[in-house]
Amino acid sequence: SAVISQKPSRDICQRGTSLTIQCQVDSQVTMMFWYRQQPGQSLTLIATANQGSEATYESGFVIDKFPISRPNLTFSTLTVSNMSPEDSSIYLCSVDPPGTPGNTEAFFGQGTRLTVV
Amino acid sequence: KQEVTQIPAALSVPEGENLVLNCSFTDSAIYNLQWFRQDPGKGLTSLLLIQSSQREQTSGRLNASLDKSSGRSTLYIAASQPGDSATYLCAVPTSGTYKYIFGTGTRLKVLA
């Protein structure tokens with residue numbers, strides 16, 4: 001299993017500012033994923049954070065708005081830039097644990113609850 | 001494109017009832033299906049993982065079944081308790097990856 005720590009757990013931010021969310025894993029993993037959960041909605045994948053290369057973004061998400069860093073195999077950051085109230089969401093980090101996809105469960109951090117005022 | 005839906009969207013039951021949550025997916029070519037629990041404002045807790053070759057998994061009062069051919073999974077909760085109150089999400093990975101597509105969720109409230 002993998003233990004994932006996210007910081008901060010919650011924050012209230014002013015519109016127009018940026019917030020960087022950190023995700024730390026207790027073991028080396030190949031890929032890390034960032035999800036967004038808007039109020040009352042399910043989770044949507046933002047991007048895949050690849051070590052040593054640029055993140056891969058899903059449709060509807062762009063690097064300028066959600067820049068991602070992946071400096072090593074245990075750490076990633078997601079920045080929410082130029083925030084507006086529509087960015088108020090829970091942001092979650094997930095990793096691919098050792099093993100073949102499909103044979104082991106995915107693990108998620110406890111999330112960062114962001115409120116933009 | 002895989003789509004995952006859950007029925008009902010919300011459910012309120014008295015304590016002690018057995019209940020069933022439903023999850024449907026449009027593409028049956030899945031590697032696995034995972035059920036999660038989410039408490040308000042919190043992250044996800046993994047409940048059960050069913051691999052594509054399995055038909056069901058059990059953990060305590062929870063039992064999850066999988067019927068790939070019909071694109072359905074059910075989560076059975078026996079003898080529900082107020083502590084079971086949460087949102088339950090099912091999710092399937094896109095082929096060969098850990099990029100999950102989540103269902104719409106079922107908000108469960110168990111009344112004491």
Side-chain angles (χ1 to χ4, degrees), chain A residues 1-7 9-12 21 23 25 29-50 55-59 61 88-115, chain B residues 1-10 21 23-25 27-54 57 59 62 64 66 68 86-107:
Chain A
S1 66
V3 177
I4 304 171
S5 301
Q6 268 187 249
K7 292 182 182 179
S9 59
R10 59 173 58 209
D11 207 341
I12 301 173
I21 302 168
C23 180
V25 191
V29 293
T30 305
M31 288 187 286
M32 300 175 77
F33 305 93
W34 288 98
Y35 290 81
R36 180 178 73 179
Q37 185 179 32
Q38 295 178 298
Q41 304 295 315
S42 193
L43 281 77
T44 301
L45 181 64
I46 298 172
T48 304
N50 307 303
T56 306
Y57 290 84
E58 299 298 309
S59 176
F61 297 96
S88 298
S89 299
I90 297 174
Y91 293 86
L92 295 104
C93 171
S94 175
V95 303
D96 62 328
T100 304
N103 291 336
T104 52
E105 60 188 304
F107 294 93
F108 285 79
Q110 286 305 297
T112 296
R113 189 172 193 176
L114 171 63
T115 302
Chain B
K1 178 185 174 185
Q2 179 75 273
E3 293 183 3
V4 183
T5 56
Q6 291 182 246
I7 296 173
L21 309 181
C23 173
S24 299
F25 45 94
D27 185 350
S28 61
I30 61 172
Y31 276 63
N32 66 50
L33 184 143
Q34 198 162 344
W35 283 92
F36 296 89
R37 169 186 171 136
Q38 185 178 32
D39 293 290
K42 304 293 187 180
L44 304 182
T45 300
S46 177
L47 296 175
L48 288 165
L49 169 73
I50 309 178
Q51 296 177 17
S52 60
S53 59
Q54 298 175 321
Q57 277 284 355
S59 176
L62 305 179
L66 175 64
K68 280 183 58 178
T87 295
Y88 291 81
L89 296 162
C90 65
V92 294
T94 51
S95 180
T97 77
Y98 278 101
K99 296 165 64 173
Y100 274 79
I101 299 173
F102 282 81
T104 45
T106 295
R107 291 190 313 278

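Both backbone and side-chain heavy atoms feed into the values below; hydrogens, waters and symmetry mates do not. Each chain gets a letter, A, B and so on, in the order its sequence line appears, and its residues count up from 1.
- In this structure, chain A has no heavy atom under 4.5 Å from any part of B/Gln6.
- In this structure, B/Tyr100 contributes its side chain and A/Ser94 its backbone to no donor-acceptor pair below 3.5 Å.
- Contacts with chain B were tallied for A/Gln6, A/Arg10, A/Glu58; A/Glu58 has the most, counting heavy-atom pairs under 4.5 Å.
- Contact record, B/Lys99 with A/Phe33: CG-CE2, 3.3 Å, taken as the closest heavy-atom pair.
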Distance-only donor-acceptor hits, side chain of residues 39-48 of chain B, under 3.5 Å, sequence neighbours excluded:
residue, atom, partner, partner atom, Å
B/Asp39, OD1, B/Arg37, NE, 3.4
B/Asp39, OD1, B/Arg37, NH2, 3.0
B/Asp39, OD2, B/Arg37, NE, 3.4
B/Ser46, OG, A/Glu105, OE1, 2.6
B/Ser46, OG, B/Gln34, NE2, 2.8

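- Between B/Phe36 and A/Tyr35, a ring centre-to-centre spacing not shorter than 6.0 Å is recorded.
- For residues 37-45 of chain A, a heavy-atom distance under 4.5 Å to chain B picks out A/Gln37, A/Ser42, A/Leu43, A/Leu45, given by residue number.
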